[in-house]
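Read through the structure below, which is laid out as structure tokens, and then see the notes.
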Protein chains: 2
Amino acid sequence: MVNRIEKTAKIPTIKRLPGYLHILRQLHQDGAVDISGAVIADMLKLDPVQVRKDLASTGVVGRPRIGFPIEQLITAIENFLGWNNEREAFLVGAGNLGAALMGYSGLGRAGVQIIAAFDNDLRKIGTTIHGKPILPIEKLSELARRMHVKIAILTLPEEEAQKSVDRMIRGGITAIWNFTPATLKVPEGVIVQNEDLSSGLAVLSRKLHVNKQKTETRQKRGTKNE
Amino acid sequence: MVNRIEKTAKIPTIKRLPGYLHILRQLHQDGAVDISGAVIADMLKLDPVQVRKDLASTGVVGRPRIGFPIEQLITAIENFLGWNNEREAFLVGAGNLGAALMGYSGLGRAGVQIIAAFDNDLRKIGTTIHGKPILPIEKLSELARRMHVKIAILTLPEEEAQKSVDRMIRGGITAIWNFTPATLKVPEGVIVQNEDLSSGLAVLSRKLHVNKQKTETRQKRGTKNE
DNA sequence: TATATATTGATAAAAAAATATCGATATAAA
DNA sequence: TTTATATCGATATTTTTTTATCAATATATA
């Protein structure tokens, strides 16, 4: 029997896969057929060995002097991530970020389709954003269950996060993409992926801050010695 | 002389700091004075040793049986990240995501203030979004230089990314928060922080996909054996 | 005052991730 | 046909990150 579940890749590898997929699709559109790991590494500023190892986890094998078959890689990565079959999702919290995600084409490319958004703002309910209807949050649990929706995207204020998570759980949601800073309490088996913009910002800030201090120190020293 | 630049923390630590800051501010508001690493770990579902090590990198020392002083921790983390002094930023690409970031309060908490957005859509230019003026992208480089803005947030379509990065560089921008999937070419010394929503989505998708396959395998086996 | 203990911080160990090395090989060039 | 070489994939090494252990200690309790 063939191993149906591919060798389990580690989180860092999984996180890099969309980057590979992205340029592979471009290369494919440009008519390229094969690509070497070294070229990919160069395009994405990664280590070539890392690229080869990452790609190996999709099961696709490359050929010496030729590289990897692009089409195969694309389908293998899509398959690996489950991005080649459609899944419906609810979005909870139709604020700024929620609206942005409703218009985010990357979701579609990942096979995720937002079919409705939920909010508690009466002015929003009944309207649509990017073609998605905004429904009252009280309906969340019932509709999730009735429509067999398993994915929820959480983009509301932190204070309301846990309450709406409880609704989701009652509705049978099994995966939550959490954009709030709240640490969600969910029963075992429910997948939570925290998406934290502020942590990326922290890295940027820290680098800037260190740079600045270095510059200032250098300047001060310079002045002192002159 | 006191060491002005704190012990350099590693990236994973830096990424966790905003999470600590967040709950520390809550605790402070609730009137708490000290907090033990174990309690923080519990709140954020982290390892207690990891929390202590992370906090140690801010330079704050805790007391046995008491824990860490909350106020000190808050200012130390803010200081460590440079979040306690204001910096002005430009946003480039006033689309969905751009608009969301203009309304994102987390930026303000990090001391970053978007003072203008740039776009090439004539219908947007001259208007404001969340109180920020939308200016023609041709002005980017000149204004950055004249206003000494050093930070740019990149939220436009990938095709236009590199071109506008070149404008930024000419304008003296030194830090770019990149929300596009493009691998940016910048001169040495310019900081680029890539913020990739699709990588988080990939992790969620993969977990869902694996779960599903497991369930299906189990069901098939169950049927076969009955 | 003496004792018990929650908690830190330092050091050590383990695990995970990134990077280096190198033989095997399929193709292109000689 | 033979040789040279770009590329892979396996294994080994190094580095980074996480997790475990434990002595030191400041406070609370007896």
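Remember, it's a predicted structure, so these values are computed and weren't measured experimentally. Chain identifiers are assigned alphabetically (A, B, ...) following the order of the sequence lines, protein sequences preceding nucleic acid strands; residue numbering begins at 1 within each chain.
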Does [X] [atom1] have over 12 foreign heavy atoms under 6.0 Å away?
{"X": "A:Glu158", "atom1": "CD", "answer": "yes"}
{"X": "B:Lys150", "atom1": "NZ", "answer": "yes"}
{"X": "A:Gln26", "atom1": "CD", "answer": "yes"}
{"X": "A:Lys45", "atom1": "NZ", "answer": "yes"}

Ion pair check, B:Glu160 and B:Arg167, cut-off under 4.0 Å
no

Rounded to the Å, how far apart are [X] [atom1] and [N] [atom2]?
{"X": "B:Lys53", "N": "C:dA12", "atom1": "NZ", "atom2": "P", "result": "12 Å"}
{"X": "A:Gln50", "N": "C:dA17", "atom1": "CD", "atom2": "C1'", "result": "8 Å"}
{"X": "A:Asp47", "N": "D:dT15", "atom1": "CG", "atom2": "P", "result": "14 Å"}
{"X": "A:Ile70", "N": "D:dT7", "atom1": "CD1", "atom2": "P", "result": "13 Å"}
{"X": "A:Asp54", "N": "D:dC8", "atom1": "CG", "atom2": "C1'", "result": "15 Å"}

Find out whether A:Glu195 and A:Leu197 are in side-chain contact, i.e. whether some heavy atom of one side chain is under 4.5 Å from a heavy atom of the other.
no

If every non-hydrogen atom of B:Phe80 is compared with every non-hydrogen atom of B:Ala9, which pair is closest and at what distance?
CZ-CB, 3.6 Å

I need the minimum non-hydrogen distance between B:Gln50 and B:Tyr20, along with the two atoms involved.
O-OH, 4.2 Å

Taking protein heavy atoms under 4.0 Å as touching, what does nucleotides 24-30 of chain D look like 5' to 3' if B marks base contact, S marks sugar-phosphate-only contact and - marks none?
-BBBS--

Given the options B:Leu27, B:Ile23, B:Leu21, B:Arg25 meets side chain to side chain contact (heavy atoms under 4.5 Å, CB included) only with B:Leu21

Can you find a side chain N or O atom of B:Arg52 that sits less than 4.0 Å from OP1 or OP2 on D:dA20?
no

If each of B:Gly62 and A:Thr13 is mapped to the nucleotide of DNA chain C with the nearest heavy atom, which maps nearer the 5' terminus, i.e. the 5' end?
B:Gly62

Position toward the 5' end of DNA chain C (nearest nucleotide), B:Phe68 or A:Leu46
B:Phe68

Which parts of residues 20-44 of chain A get close to DNA chain C, meaning a heavy atom less than 4.0 angstrom away?
none

Which nucleotide in the set C:dT21, C:dA17, D:dT18 lies at the smallest distance from any side-chain heavy atom of A:Pro12?
C:dA17

Closest to side chain of B:Arg16, choosing from C:dA18, D:dT18, D:dA20:
D:dT18

What does A:Lys10 touch in the nucleic acid at a heavy-atom separation under 4.0 angstrom: a base, only the sugar-phosphate, or nothing?
sugar-phosphate

